[in-house]
Amino acid sequence: MRAGLRGLTTRGRSFLAAAVAATVSAVILGEKDLLRVALLLAILPLLAAAYVGRSRYKLACNRSLDPHRVPVGANSRVVLRLQNLSRLPTGTLLLEDRLPYALGSRPRVVLERLGAHQASSVAYTVRADVRGRYDVGPLVVRMTDPFGLCELTRAFPSTDHLTVIPQVTPLPSVRLPGEYAGSGDSRARSVAVHGEDDAATREYRRGDDLRRVHWKSTARTGELMVRREEQPWESRATVVLDTRAHGHRGDGPTASFEWAVSAAASIAVHLRQAGYKLRLVTGSGVDVDASEGGGDGAVLDHLAEVRLDQRAEMTELVQRVRQRADGGLIIGLFGTVSVAEADLLAGLRGNGATCVGFLLDSSTWLSLPEKARAEAEHAHGAAVLAMVRSGWRVVGADHGSRLPALWPQAGRGSQGFALRAALAETVAGRVR
């Protein structure tokens, strides 16, 4: 009863206030009929409070999301199924599912009376224009009497998760550099073991069989090394995403960083579909191998939550990539870089790796004065020149660029990139 009295609505409290006023008036005026009216006004909210407060409904709730992973701008349908597990029928139920602001306003649905062991389902749609991982729920059930005089709130603790992944754009088929012609499609060949003395080794990774430990290399390097097993021809690729906060410009979904994240997702999915053994590395510490399980979903889930990092530096990013670098193809998506940072990226060219860099001129995401624009173009040209000289195949990107149109440039031969380097050097000389 106490809980019911605390749950009196504004209408219920108004009834009680009117009952008190009618009682006082009846005493002063000596009107017995007015006293009967006051008694009726007081009994109604009290009965409602007793009815709602003593209603111990046994309710079960099940929530399903279809789908639970959606790209930016797509809709997901949320279905709520509520079942009455008791023998007593329920009153009118007001359902409210709590949602984060990015998914829109909280849906409110009125569910009519549920009979004994009866179930009913309601559905609503959510949409997010910002990638991320969002909690859907918990569900709040508001129970009320037929007159709306008393209302109590019960909440289900369970929540579900909606993952909003970056927009993935289909890319045209391009023969990428850094591959050897194998059987059928081109493949980058793995190193094979030909003997104990000349065994190819690598650093020990968690899960490796200890019987493959190569003790001579371990003693020589001071780190636990294992023998590489003979493997079939395979293509390996590493997608590198720059998360330095000072390397990107713009705000919200149209920022240069969001362009880079969407490009990384599109390239990763494209390479996976082409049969590549894929690895994703970001400046925020993410290092995931898509071939170990989860496939595209694991990569996209990480990209859904990646954020700009104020402390991220190019030095740490290069070191993280080199920790497990074993050749193959490296595709980097970088914001604005300086000449010194471009020189650091030259360190990824080791071990026969072919490096393709999508270099964003993030200043084009801003409105700059003419002089500042010229300075930004000069700095961008110098960075392109430094990366091309170090052996990178550079694809420039600015505001409004479309990845499918830029993607064929990643397959250009070395002559085309040599021409780009000469052109960049000529432009840089003219600017000076």
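Please read all numbers here as calculations on a predicted model, not as lab measurements.
At distances below 3.5 Å, not a single donor-acceptor pair connects side-chain atoms of Arg249 with backbone N or O atoms of Gly335. With hydrogens and angles ignored, the 3.5 Å screen pairs a side-chain donor or acceptor of Arg320 with a backbone N or O of Thr282. Proximity of a side-chain donor or acceptor of Glu341 to a complementary backbone N or O of Ser338 within less than 3.5 Å is detected. Remark: the backbone N or O of Asp242 is paired with a side-chain donor or acceptor of His248 at under 3.5 angstrom. No donor-acceptor distance shorter than 3.5 angstrom exists from the side chain of Glu375 to the backbone of Ala372, with no hydrogens or angles considered. Side-chain atoms of Trp407 do not come within 3.5 Å of backbone N or O of Val174 as any donor-acceptor pair. At distances below 3.5 Å, not a single donor-acceptor pair connects side-chain atoms of Ser217 with backbone N or O atoms of His214. With hydrogens and angles ignored, the 3.5 Å screen pairs no side-chain donor or acceptor of Arg402 with any backbone N or O of Leu406. Counting only distance, with no hydrogens or angles, the side chain of Thr9 and the backbone of Leu149 share a donor-acceptor pair below 3.5 Å. Under a 3.5 Å cut-off, the side chain of Arg279 and the backbone N or O of Val240 do not form any donor-acceptor pair.
Sorted by first and then second residue, the salt bridge (Lys or Arg N to Asp or Glu O under 4.0 Å) pairs involving residues 256-267 (not counting sequence neighbours) are Arg131-Glu258. Among pairs with a residue in residues 60-77, those fulfilling side-chain hydrogen bond (donor to acceptor under 3.5 Å, both in side chains) read Arg63-Asp97, Arg63-Asp160, Arg69-Asp301, at least two apart in sequence or across chains.
Considering every non-hydrogen atom in both Thr364 and His399, the closest pair reads OG1-N, 2.9 Å. Of all the heavy atoms in Leu80 and Cys61, the pair that sits closest is CD2-SG, 4.4 Å. The two atoms that bring Ser390 and Ala346 nearest to each other are CB-CB, 3.5 Å, heavy atoms only. Leu114 approaches Ala119 most closely through the heavy-atom pair CD2-C, 4.2 Å. Nearest heavy-atom pair across Thr159 and Pro138 is CG2-N, 3.6 Å. Across Ser284 and Val306, no two heavy atoms sit closer than the pair OG-CG2, 4.3 Å.
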Throw together a table of side-chain donor-acceptor distances under 3.5 angstrom for residues 260-270, partners on residues two or more places apart or in other chains.
unit_1: Ser262; atom_1: OG; unit_2: Gln167; atom_2: O; d: 2.6
unit_1: Ser266; atom_1: OG; unit_2: Thr169; atom_2: N; d: 2.8
unit_1: Ser266; atom_1: OG; unit_2: Ser262; atom_2: O; d: 2.9

Sequence neighbours excluded and cut-off under 3.5 Å, please list the side-chain donor-acceptor pairs for residues 100-112, or say none.
unit_1: Arg106; atom_1: NH1; unit_2: Glu96; atom_2: OE2; d: 3.3
unit_1: Arg108; atom_1: NE; unit_2: Glu96; atom_2: OE1; d: 2.9
unit_1: Arg108; atom_1: NH2; unit_2: Glu96; atom_2: OE1; d: 3.4

Residues 21-48 side chain polar contacts: donor-acceptor under 3.5 Å, at least two apart:
unit_1: Thr23; atom_1: OG1; unit_2: Ala19; atom_2: O; d: 2.7
unit_1: Ser25; atom_1: OG; unit_2: Ala21; atom_2: O; d: 2.9
unit_1: Asp33; atom_1: OD1; unit_2: Arg36; atom_2: NH1; d: 2.4

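Leu278 contributes atom CG, which lies 7.5 Å from atom OG1 of Thr238 (distance to the nearest 0.5 angstrom). For the atom pair CD of Gln83 and OG of Ser121, the computed distance is 9.5 Å after rounding to the nearest 0.5 Å. Once rounded to the nearest 0.5 Å, the distance linking CG of Leu317 with CZ of Arg322 reads 12.0 Å. The distance from the CG atom of Leu303 to the OG1 atom of Thr163 is 12.0 Å, given to the nearest 0.5 Å. Taken from CG in Leu65 to NE2 in His161, the straight-line distance is 10.5 Å, to the nearest 0.5 Å. To the nearest 0.5 Å, atoms CG (Asn84) and CZ (Arg113) are separated by 9.5 Å.
Two residues are said to be in side-chain contact when any heavy atoms from C-beta on lie closer than 4.5 Å; Glu223 and Thr218 fail this criterion. Between Pro408 and Pro172, some side-chain heavy-atom pair lies under the 4.5 Å cut-off. Leu359 is not listed as a side-chain neighbour of Leu333, based on a closest heavy-atom distance of 4.5 Å or more. Between Arg98 and Val140, the closest side-chain pair of non-hydrogen atoms falls below 4.5 Å. Inter-residue side-chain proximity for Leu95 and Leu82 is flagged as met; some heavy-atom pair is nearer than 4.5 Å. The shortest side-chain heavy-atom distance between Trp392 and Val356 does not fall under the 4.5 Å cut-off. Counting heavy atoms from C-beta outward, Val70 and Leu162 have side chains that approach closer than 4.5 Å. Proximity of Arg244 to Met314: side-chain heavy atoms (C-beta onward) are separated by under 4.5 Å at one or more points.
Side chain to side chain, Thr354 and Arg393 fail the donor-acceptor criterion of an N or O pair below 3.5 Å.
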For this session: Give the intermediate values and the outcome of side chain to side chain contact (heavy atoms under 4.5 Å, CB included) for residues Arg142 and Arg154.
Result: CA-CA 6 Å; Arg142 301 182 187 277; Arg154 306 260 176 95; over 6 Å; no

For this session: Test side chain to side chain contact (heavy atoms under 4.5 Å, CB included) on Thr243 and Phe257 and set out the steps.
Result: CA-CA 8 Å; Thr243 60; Phe257 181 64; 4.0 Å; yes

Problem set entry | Steps toward side chain to side chain contact (heavy atoms under 4.5 Å, CB included) verdict (Val286, Val281) | CA-CA 5 Å; Val286 173; Val281 181; over 6 Å; no

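Every side chain to side chain donor-acceptor pair (under 3.5 Å) that Arg127 has, sequence neighbours left out, goes to Asp129.
Checked against Phe334 for a side-chain contact (heavy atoms from CB on, under 4.5 Å), the options Val394, Leu360, Leu345 give a single hit: Leu345.
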